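Everything on this sheet refers to the single structure shown next.
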Amino acid sequence: MTVVYGRDGDRTTKRSNVRFPNTVPRPQGEIERLRVPWAPPRGWRIFSAVNNTYVGLTYIGTALIIFVLAGVLAVIMRTQLAVPENTLVGHSLYNQLFTMHGTMMMFLFAVPIMEAFGVLLLPNILGTRELPFPRLSAYSLWVYAFGGLAFFSTLFFGVAPDGGWFMYTPLTDARFSPGIKSDMWLLGIGFIEIAAIAGAIEIMVGFAKNRAPGMTLDKIPIFAWALLIFALMIVFAFPALILATILLEIERAFGWPFFMAEKGGDPLLWQHLFWFFGHPEVYIIFIPAAGMVSMILPVMAQTRLVGHRLIVLALIAMGIISFGLWVHHMFATGLPPLSLGFFSAASMSVAIASGIQVFAWIATIASGRLRFTTPALFIVAFIAVFTMGGLTGVMLASVPFDLQAHDTYFVVAHFHYVLVGGMVLPLLAAVYYWFPTVSRKPLSERVGKWVFWLFFIGLNVAFFPMHITGLMGMPRRVYTYLEVMQWDLLNVVSTIGAYVMATAIALLIFDIVRTFRFSFENNAGNIWNAGTLEWMRTYNYGTRSIPEVDSRYPLWTQPQLSNEADEGRYYLPGTLTGQREALVTSPIDARPIYVMQVPGPHWGPFLAATATTAFFYLLTLKLILPAFASGIVAIAFILWWLWDLDHGPVREPAHVGGDYVLPVYMSGPVNHSWWGTVSLLLVAGSFVICLVFSYFFLWLVNPAWPPVGVTLPSLAWPGVAAVLYAASSGAVLLASRGLSAQIQRGPWPMRLLLMLASVLFLAAVSVQALAEGQTGLRPTMHSYGAMVYMFVALQYFFAGVLVIMAGFTLARSLAGKLDPVRRVTFDNTMLLWHYATAQGIVVLFILTLFPRALG
Amino acid sequence: MQPFRKIALSLTSAAASLLLGACNWTQSALAPRGSHAEAIDQLTWILFIGGMLIFLLVVAFLTIASLLRRSLKGWMANYNFIIGFGILLPVATLTAILTFSSVVLNTIHSAQPKMRIEVTGEQFWWRVHYLDESGTIKLATANEIRIPVGTPVEFILKTQDVIHSFWVPNFAGKLDMIPGRVTKLTFSATTPGIYRGQCAEYCGAQHALMAFYIVATTSREFEGWFAQQVGNPPEPTTPFLARGQQLFLSFGCGSCHTVRGTLADGRFGPDLTRVGTRLSIGAGTFPVNIGTLAAWTSSAQHLKPGNAMPSFGNLQGEQLRAIAAYMESLK
């Protein structure tokens, strides 16, 4: 009954036939030895913590602070609009206020708080100890915290962006928005999106690889599914935004005309890129909230969720369909009727996925007995409010109606109903619901009812009248309106509603501050009688031992599970290596495969986040040299924290529980960081596909492509570049073989081949750049040149990344930390390499052959 | 359809008058007075009533499920309930909505225009050119449009700078004005009256104060108005007005503004040839009279900060009055 494991994860294991819970008494000192590596850093060193519990809680706290700050901005706006021709806030500040309110709520609150709940709760929900890349989570948290608060502070310096949260060009280009306000948005928000992607990769890999044994796909709780879909959507949608942001910033800073109509660009390109991200964004926000509802509602009704599989399918369908709707934000731009019809139909169809969930929730309530606790009140209200918002959404999906309602307060009403109703209400339910897992006492039910009623009434009083105001002719984003318009009554009612909502939140904050006393061991416990794993007895390392589950509601079907796991009667009741560990299981049927060594506290993520924030903000302020210095420091800190990882097999395979004798290291496609790297490649692929889309879109809006006066380089140039790319990949392939043969041949073949590969890659990109440069093409004259050089710039970016990774890999080899078994670092580098050369070759194909094919 | 359309319109008018009160002009989709707006109004009522029924259904189900005994609500707790109401009902209603919307969209797009007006959005006003069939400009004006009732008018929409959006809710849905593109909107007015439109795409500092008027009149009144607008304005009839004209020219107003029949031929700002006949100054911000004209000339940056008209604060009292009187006389 041993396990034979190979480099690529092929192994044979025997299904455990030892019954759990294990009755063998635990050895003396096992629990103490488990606690030692998991002990949090003391005092101010807590900022170097990477444990998902601390990172998750700080993440949630930061997001809630930003929610309050953005809400205050809204209250100021509503006060300005309470009476016509008000002079409380002038146009300049108001335009910054609505831009900041929208930007902060959408980018700095709605998505991060769901990631934050994922970081805090997903490991416990899945029955594992940690997420796969804790230092990445910590980096993501601090980038978000520093970046977000710095972004908010721009208001106090008069440099907050004022182009609206979707920053349409050409209003936001250098000519119509001079100064640094728009750059604050582009650079200030742009890098925070990178933090969002980092979180998404963690969630995806964690979902796939870190579950409790026995938690097959069918038994995974809905919130985990929702987070998986959330993460996948982020991976495919955010790159479009990042690309748009980079293109606009380059246009502003260097004059490359992507969006300038007079130089072959098109303002609609921005809209397509933005909304291709922007529409999935709102489902990215909604789907985790719907997942929370599906977790909380069954507990409040004390019954299983009805239609569990239908809900999972509905969430998946919603995730996929939402990528096909984005043009409904552009119905008024003069598109052909066929486009309008297609996107109208698609936009309506997504309502079916919502409908399935709404009626599944009603069926669940009907199948149980609903206890009207505070979380339950929020959930019932959510169903009604979200339905209303969804119905106005279907109205807006109807093109003729949209042509009247678009860009009016009707739309403001709609999206606040679906966002506040569809996301904030479940979030408030979640705060009340999961509070007992992290605090000694739960929040007060009595105060909770006040918070609920004030918020619910305030929300309707604030936003319902806006449906009417909009149809009565009031456009969005207006700092004032004339007295004669007779919109004043409706506006003052909305303002009163806003104040009522603010009171509710103030009351909630008061209750949180007076009630929250952080604890895991002595938390308030499973006061709701919930059935899922996060309600077990947990510590900052999750449960004492990793349970084996056999149902969707393990605490209901195995009532002693929590006590038994706490006594160490399941998997991994101690530590095998003396360091932090987690169990890695197979993606589909959750069989234990290996034990991953989990990184512990480190200052690298915190310091790298500080330097990264400095880099982007110094760039915005046009302090170039200090910016680049900070950038180099950031990279150095990241490499410092990475140096500590990839331990290799520090001991021989060990017994983890049942019949499983598992290795503590696995390289190849089974390794979790391979999955993380592949996820990153999905992001990169999505990015380049958006860039290719932009290229074809600009071709469509230009009469001649390339424009008159541009000559294409002869075929020899791209031919040579393609050969150099292929050779570069070939060298890496040979290096990989060299690494495997290191014992016989020594380390130098691999090292030299890696260096050669770097040179070849750089040569390939430079040949590409030179090919275009020697024709006289320049990026500032026309959008064709801008696109071509953008592809070249992308390849140079990859060249930089690859050179750094090659250097890091070489350093590890020189330090003796890289060998035929301990080779994860090399494998990740190789994956990225092959991707980058493939991307280079494909791009060469398109740029070379497409203009020629046009004749 | 016709009887339903009449019911819908009267419902809307009732709602509108409740909400709007008495006013001699409107800016509201709830008071449809044009071909498109009427079709959309009908659709809106269907969507609204349908939506309300579905909402009430959901609330009813929620109430039953939360409050009633198991024996009365057990029929809900299963897959068929979810599939019936969550899939079949939406598929049926959405198909109907999509079909009806497509029909309405088709009627909106199929009008044949008999008149062409080119409107160019600028930060923060509207340049209006009446065009003939070959595209030459017959009349240049700004911030105000007049059209004959019942005639389909094609609005050719462009922009000088950023994205704007042309929206007159009483007549039709909106259409964006996008740099590098020309968009076209054709509709007709069905009822005479004064209607206000407003820019509906955030275009910068004074997006909130970028509006215009469309006046729908009978054909005969339109012909009369047009003939009067096209010619040169009358010469000043009093010395005071003549002084106003002379100051207008000597202070350089003509470098940005055109007054046909004088040396003022600037194209940067709105054409002021008949500014005295207009309903508003500052693109829908103030009514036109000697006081507002004086205020606008001397303090435009205070009244609408960030717009392209500078404040001519150097004008002394009597000079200012003369110029304002002259502009008011341009009828």
Side-chain angles (χ1 to χ4, degrees), chain A residues 91-92 95 164 168 170-171 176 261-262 266-268 306-307 310 332-334 337 340-341 344-345 348-349 351-352 355-356 358-360 362-363 365-367 370 380 383-384 387-388 391-392 394-395 398-401 403-404 406-408 468 471-473 475-481 485-486, chain B residues 19-21 23 27-30 39-40 43-44 47 51 54-55 58-59 61-62 65-66 73 76-79 81-82 85-87 90-91 94 97-98 101-102 104-105 108-109 161-163 165 169 173-176 178-181 183 198-208 305-306:
Chain A
H91 72 276
S92 170
N95 293 344
Y168 274 3
L171 176 63
F176 297 106
E262 59 270 24
D266 191 352
L268 283 190
V306 177
L310 272 177
T333 56
L340 299 177
S344 177
M348 291 188 195
S349 70
I352 298 170
I356 291 174
V358 166
F359 288 98
I362 294 177
I365 300 176
S367 97
L370 190 65
V380 171
I383 296 177
T387 301
M388 167 110 66
L391 291 167
T392 55
V394 168
M395 290 173 79
S398 161
V399 177
F401 177 78
L403 293 176
Q404 284 282 29
H406 170 70
D407 252 325
T408 69
I468 306 171
L471 288 178
M472 280 178 69
R476 285 172 76 166
R477 305 172 148 188
V478 290
Y479 72 95
T480 190
Y481 52 95
M485 303 310 297
Q486 302 190 314
Chain B
L19 294 163
L20 294 174
C23 204
Q27 176 182 323
S28 173
L30 297 175
I40 296 174
L43 174 64
T44 305
L47 292 173
I54 294 177
F55 177 70
V58 168
V59 170
F61 281 162
L62 262 179
S66 329
K73 64 182 185 176
M76 287 183 181
N78 59 65
Y79 261 47
F81 175 77
I82 302 173
F85 288 101
I87 302 183
V91 166
L94 293 173
I97 292 172
L98 185 66
S101 302
S102 309
V104 172
L105 190 63
I108 288 178
H109 278 167
D161 39 41
V162 299
I163 301 179
S165 193
K174 58 188 62 73
L175 193 52
D176 287 354
I178 299 170
R181 287 162 189 264
T183 46
Q198 192 163 343
C199 176
E201 183 60 65
Y202 177 63
C203 53
Q206 289 297 340
H207 165 68

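Values reported hereafter were calculated over all heavy atoms of this structure, with side chains retained and with hydrogens, waters and symmetry mates removed. Just so it is clear: chains get the letters A, B, ... in the order the sequence lines come, proteins before strands, and each one is counted from 1. Just so it is clear, the structure is predicted and the values come from calculations on it, not from any experiment.
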What part of [X] gets within 4.5 angstrom of chain A, counting heavy atoms only: side chain, backbone, both, or neither?
X: B/Leu175; result: both
X: B/Gln198; result: side chain
X: B/Ile163; result: both
X: B/Ser66; result: both
X: B/Asn78; result: backbone

Pairs of heavy atoms under 4.5 Å with chain B: top-ranked of [options]:
options: A/Ala351, A/Pro267, A/Pro337; value: A/Pro267
options: A/Ser344, A/Ala366, A/Ala360, A/Ala261; value: A/Ala366
options: A/Leu340, A/Val358, A/Leu471, A/Val380; value: A/Leu471
options: A/Gly341, A/Gly307, A/Gly334; value: A/Gly307
options: A/Leu171, A/Val394, A/Leu391; value: A/Leu171
options: A/Phe401, A/Phe176, A/Tyr168; value: A/Phe176

If you look at every heavy atom in [X] and [Y], which pair is closest and at what distance?
X: A/Ala363; Y: B/Phe81; answer: CB-CD2, 4.0 Å
X: B/Ile87; Y: A/Ile352; answer: CA-CG2, 4.2 Å
X: A/Pro170; Y: B/Asp161; answer: CG-O, 3.5 Å
X: A/Ile383; Y: B/Val58; answer: CG2-CG1, 4.2 Å
X: A/Met348; Y: B/Ser101; answer: CE-OG, 4.3 Å
X: A/Ile365; Y: B/Ala65; answer: CG2-O, 3.5 Å

Rounded to the nearest 0.5 Å, how far apart are [atom1] of [X] and [atom2] of [Y]?
X: A/Ile356; Y: B/Ile82; atom1: CD1; atom2: CD1; result: 8.5 Å
X: B/Asp176; Y: A/Leu268; atom1: CG; atom2: CG; result: 8.5 Å
X: B/Leu43; Y: A/Ser398; atom1: CG; atom2: OG; result: 4.0 Å
X: B/Ile97; Y: A/Met395; atom1: CD1; atom2: CE; result: 9.0 Å
X: B/Gln27; Y: A/Met485; atom1: CD; atom2: CE; result: 3.5 Å

Practice prompt. Report the C-alpha distance between B/Arg181 and A/Asp266 in whole Å, list the side-chain angles of each, state the deciding distance to 0.1 Å, and finish with yes or no for side-chain contact (heavy atoms from CB on, under 4.5 Å).
Written response: CA-CA 9 Å; B/Arg181 287 162 189 264; A/Asp266 191 352; 2.3 Å; yes
Between [options], who has the most heavy-atom pairs with chain A when the cutoff is under 4.5 Å?
options: B/Pro90, B/Cys203, B/Ala208, B/Gly204; result: B/Ala208
options: B/Pro179, B/Gly180, B/Ala200, B/Gly86; result: B/Gly86
options: B/Ala39, B/Ser102, B/Pro305; result: B/Pro305
options: B/Pro169, B/Cys199, B/Ser165; result: B/Pro169

Discussion item. Run B/Leu94 and A/Ser349 through side-chain contact (heavy atoms from CB on, under 4.5 Å) and show every step you take.
Written reply: CA-CA 7 Å; B/Leu94 293 173; A/Ser349 70; 5.8 Å; no
Item to complete: Using non-hydrogen atoms and a 4.5 Å limit, figure out which bit of A/Ser92 sits close to chain B: side chain, backbone, both or neither.
Response: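 Answer is neither: A/Ser92 stays 4.5 Å or more from chain B.
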Item to complete: Tell me, for A/Thr408 versus chain B, whether the close heavy atoms (under 4.5 Å) come from the side chain, the backbone, both or neither.
Response: side chain
Discussion item. Under a 3.5 Å distance rule, please check whether B/Lys174 uses its side chain to pair with a backbone N or O of A/Ala332 as donor and acceptor.
Written reply: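 Side chain of B/Lys174 to backbone of A/Ala332, a donor-acceptor pair under 3.5 Å: no, none is there.
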Worksheet item: Between B/Glu201 and A/Asp407, is there a donor-acceptor pair closer than 3.5 Å when you use the side chain of the first and the backbone of the second?
Response: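 No: the side chain of B/Glu201 does not pair with the backbone of A/Asp407.
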Worksheet item: Passes side-chain contact (heavy atoms from CB on, under 4.5 Å), B/Tyr202 versus A/Asn95? Steps please.
Response: CA-CA 10 Å; B/Tyr202 177 63; A/Asn95 293 344; 3.1 Å; yes
Worksheet item: For A/Tyr479 and B/His207, what are the C-alpha separation, side-chain angles and deciding distance, and is it a side-chain contact (heavy atoms from CB on, under 4.5 Å)?
Response: CA-CA 8 Å; A/Tyr479 72 95; B/His207 165 68; over 6 Å; no
